[in-house]
Undergrad: 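Submitted below is the structure of interest, expressed as structure tokens.
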Amino acid sequence: MNLAAAGAHPGFLSPTGVEIVFVLVGLATLGAALVTVTTKQLVHAALWLVAALGGVAVEYLLLTAEFIAWVQVLIYVGSVVVLLLFGLMLTKAPIGPSPDADSGNRWIALGVAVVSAATLVTLVVDAFRTTWIDLSTSPKGSTRVTGEALFRGWVLPFEALSVLLLAALVGAIVLSRRGAPETDEAEPETKQEGQR
Amino acid sequence: MAGPSPDHRPSRKPSGRPSFPGSGLAKGLAVTLRTMTRRSVTAHYPDVQPELPPRSRGVIGLFEENCTVCMLCARECPDWCIYIDSHKETMPAATPGGRERSRNVLDRFAIDFALCMYCGICIDVCPFDALFWSPEFEYAETDIRDLTHERDKLREWMWTVPEPPPLDPAAEEPKELGAARKAADKLAAQQAEPEQQQAAAPDGQDRSGPEGRSQPEGPSGPGGASGQDGASGPDKREQGGDS
Amino acid sequence: MDVVDVLWRLLAVLLAFLLLPLIVGQAEHKAMAHMQGRVGPMYAGGFHGWAQLVADGVKFAQKEDIVPGGADRRVFQLAPAIALLPYLIVLIAIPVGDGDQVGQVVDAGVFFVLAVMGVGVLGSLMGGWASANKFSLLGGLRTAAQLLAYELPMLLAAASVAMAAGTLSLPGILDAWQWWWLPWQIIGGLVFFTAGLAELQRPPFDAPVADSEIIFGAYTEYTGLRFALFLLAEYAGIVVLSALTAVLFLGGWHGPAAGELGWVWTLLKTAALAFVVIWLRVSYPRLREDQIQRVAWTVLVPLALLQIALTGVVKVVIQ
């Protein structure tokens, strides 16, 4: 997690203020994430998710990746969580604990989480090792740099992703129009598309 | 905003020339903007006194000199908010050897404005023009009992009763004027009589007949008669009845 | 940038945040009254009731702070702050004049502003859910649906300007601004302003607080200062939306004598747009919930896409 602080060259025994803040925010984010998955109250989980996602956005900011940080807030906090809350309100999430929301897969979920976390941490640590990136001199996360990387170096994956999203969008529209005078014939097709 | 519901559109649009899309929205904005540039219609009441029409029903004034304690108002009042006390007095005969007369003397006349519903029936039924509407309305009290206005207070309101408004230009002549003209004609005829006594015209005799009949109409006409006219009404009627 | 400079800037932003919403609120009192043939508040403060909102604030402060028995206490109490604070933060990034007359230059300013404004709606959602009241819940639902529908056209319209300027930074957009952008971006400006109105739940898009149907939506159970904070958030939102529209689409500080009077131009344009917000409230009836959704998806989104296409075409042609 504390990648910037782990760099070797200037030594991390005398961390700068930014690094200390980075670690603290990281701990807070981790705590919020833990509460998100352990709380018994559905809407509280969604609100703690806001805190966790916001914490991640702050981490991006501290790494000078401004664009990514604001997109994180815009998409995840502003839209995904709102959608989540919308769904919870539609299902009349009760105030107070809802014991029936526990699916009983606690240990499996923990296993998946640990494995994926281990994979990610290994990947990141292995990728950067002891590389020291001086944030003050190379603004790698600014809008211009991000845009150039996205639309020059990685334009093909970007476009492929857009096509995937478009397919998902079309699939969602078709699925939601099930009540229309379509015959049952069309349904398997649309389901496939939605799953993609 | 332009066309939210195509199925609602045709029914809402009035038949006629096709309007530019969004013209209805612009019209709405124009209406509010135009209203903003005009003077507001708000009455600034406590700062500026309202200009009330003369026949506003503010408070009821009592012209007690006209009251004969006939009790009509108290009886007709739908919510019984008029209280009248009186006693009888006998008056010595006006002429020696004449009959003694008894008359009612007003002791108490009170209107409870906490009960009054401002229907104005008492004013309509008063045959002697003793009750009048005044536009005064600022007599709120902190104690509900103070809303019962006694005789002296009701008399005070009389000073605020405005002059009746002039009639419309094409309106029918008020009945008081007809009655007064007849009285004046009769007076003139009486004055002319001594000079033409030889030619005793039967017209004079005839005239007294219709005049007697027309008299009662005078006082009960529309409340335009001023106090003095009204005061002479009952007297005349009594005389008319006697003679 | 030393500490004193930062403090001064923060103080100025805070002052604007406290003052401008009150001015807009008072302007709404008076303008709405006169548009309806009334005079509005006349007594508080003496001259034409200029201190009416101060008096209202005193009144709100005196009221008892009630939390409903069945409510989720902490979420309920936290919601007004969540609703209000984003607008304060957004004001930091809005430039009022040329050069460094801005609280803080943010590189991805457009995204920053829209992202943080979107967070403010979370306050309404939290209040709506935590009140333990069916009307509040309905108001929260409507708020969420409205936000999801209108965030997209608003973003697309803002993206159009960013495309035209070639930068996401608000001062950068203003530096690149030319007068002919006004007709060029007019569709985007209308879409942005309309979508912003809907996000603020201002009439005619105020179905989430429709008093004739669901009392006051998410704010039904609130009293006292917390209710005042929600109201303040609404007016701060008007200020932010007007200022943003002025900066993105009307050229911000551009105008005659922009060198010295740039900030006056920004304020004037913001005030004019705030007046339009009030004007629309008086003029139009409330849209029904399905109409609100339909306007977003069938009118605003296609218009915003059209604007983006237009921007792209013109941008390529003039290069």
Side-chain angles (χ1 to χ4, degrees), chain A residues 35 39-51 53-54 56-58 60-61 64-98 139-148 151 169 173 176, chain C residues 68-76 78-79 82 86 89 93 105-122 124-126 128-134 136-148 151-152 154-155 158 162 166-169 172 199 218 297:
Chain A
V35 179
T39 182
K40 294 262 185 211
Q41 306 189 27
L42 280 176
V43 174
H44 281 200
L47 294 175
W48 279 111
L49 187 62
V50 172
L53 294 171
V56 173
V58 173
Y60 286 143
L61 264 189
T64 69
E66 222 179 82
F67 181 74
I68 305 292
W70 300 131
V71 169
Q72 165 93 4
V73 174
L74 186 68
I75 303 297
Y76 284 96
V77 178
S79 301
V80 171
V81 172
V82 169
L83 194 63
L84 213 66
L85 282 174
F86 184 65
L88 286 178
M89 285 181 180
L90 269 185
T91 54
K92 283 200 285 186
I95 288 171
S98 41
K140 290 281 190 214
S142 76
T143 314
R144 176 170 291 278
V145 176
T146 312
E148 277 172 358
F151 288 102
L169 205 65
I173 292 174
S176 64
Chain C
D72 191 315
R73 214 177 166 77
R74 263 185 307 165
V75 176
F76 183 86
L78 199 62
I82 303 282
I89 296 169
V105 179
V106 181
D107 179 40
V110 174
F111 268 86
F112 166 75
V113 165
L114 293 178
V116 176
M117 270 177 85
V119 173
V121 179
L122 272 181
S124 296
L125 294 186
M126 287 164 66
W129 173 77
S131 294
N133 178 321
K134 59 186 171 192
S136 299
L137 190 67
L138 281 174
L141 270 176
R142 290 184 177 191
T143 306
Q146 198 156 315
L147 176 84
L148 289 174
E151 188 89 349
L152 184 62
M154 200 174 180
L155 259 176
T167 173
L168 280 176
S169 136
E199 259 190 46
W297 295 110

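So you know, we letter chains A, B, ... as the sequences are listed, proteins then strands, and number each from 1. Note that the structure is a prediction, hence the values are computed from the model and not measured.
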Undergrad: Could you look at C:Ala71 and say if it's the side chain, the backbone, both or neither that has a heavy atom under 4.5 Å from chain A?
TA: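 Backbone only.
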Undergrad: Would you mind checking which part of A:Leu83 comes under 4.5 Å of any heavy atom in chain C, side chain (CB onward), backbone (N, CA, C, O), both or neither?
TA: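 Both backbone and side chain.
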Undergrad: For A:Tyr76, give me all partners under ring-ring contact (aromatic ring centres under 6.0 Å, His included), at least two apart in sequence or on another chain.
TA: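 For A:Tyr76, no residue satisfies ring-ring contact (aromatic ring centres under 6.0 Å, His included) once neighbours in sequence are set aside.
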Undergrad: Any side-chain heavy-atom pair from A:Leu85 and C:Trp129 closer than 4.5 angstrom?
TA: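 Contact flag for A:Leu85/C:Trp129 side chains = no.
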Undergrad: Could you go step by step and tell me if A:Leu74 and C:Leu155 meet the side chain to side chain contact (heavy atoms under 4.5 Å, CB included) rule?
TA: CA-CA 10 Å; A:Leu74 186 68; C:Leu155 259 176; 3.5 Å; yes
Undergrad: If every non-hydrogen atom of C:Gly140 is compared with every non-hydrogen atom of A:Met89, which pair is closest and at what distance?
TA: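 Heavy atoms of C:Gly140 and A:Met89 come nearest at C-SD, 3.8 Å.
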Undergrad: Test of understanding: with side chain to side chain donor-acceptor pair (under 3.5 Å), list the residues that count as partners of A:Gln41, not counting sequence neighbours.
TA: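 A:Gln41: side chain to side chain donor-acceptor pair (under 3.5 Å) contacts with A:His44.
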Undergrad: In terms of heavy-atom pairs under 4.5 Å, which option from C:Val121, C:Val119, C:Leu122, C:Leu114 contacts chain A the most?
TA: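 Option with the top pair count is C:Leu122.
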Undergrad: Might you confirm whether atom CZ of C:Phe76 has over 12 heavy atoms from other residues, nucleotides or ligands at distances under 6.0 Å?
TA: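 Enclosed: over 12 neighbouring heavy atoms sit under 6.0 Å from CZ of C:Phe76.
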Undergrad: Kindly indicate whether the side chain of A:Val43, heavy atoms from C-beta on, has any atom under 4.5 Å from the side chain of C:Val75.
TA: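 In short, these two side chains do not touch, never coming nearer than 4.5 Å.
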Undergrad: Do you know which two heavy atoms are closest between A:Gly78 and C:Leu147, and how far apart they sit?
TA: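 Taking A:Gly78 first and C:Leu147 second, the nearest heavy atoms are O-CD2, 3.4 Å.
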Undergrad: Pick one of side chain, backbone, both or neither for C:Leu125, based on which atoms fall under 4.5 Å of a heavy atom in chain A.
TA: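 Backbone plus side chain of C:Leu125, per the 4.5 Å heavy-atom cut-off to chain A.
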Undergrad: Between atom OG of A:Ser79 and atom CG of C:Leu152, what is the distance when rounded to the nearest 0.5 Å?
TA: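 Rounded to the nearest 0.5 Å, the OG-CG separation comes to 9.0 Å.
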Undergrad: Within this structure, what is the CG-CH2 distance for the pair C:Leu168 and A:Trp70, rounded to the nearest 0.5 Å?
TA: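 Rounded to the nearest 0.5 Å, the CG-CH2 separation comes to 13.0 Å.
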Undergrad: Among A:Ile75, A:Val81, A:Val82, single out the residue with the greatest number of heavy-atom pairs under 4.5 Å to chain C.
TA: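 Among A:Ile75, A:Val81, A:Val82, the one with the most close pairs to chain C is A:Val82.
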Undergrad: Going from CD on A:Glu66 to CZ on C:Phe112, what distance comes out if it is rounded to the nearest 0.5 angstrom?
TA: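 Answer rounded to 0.5 Å: 9.0 Å.
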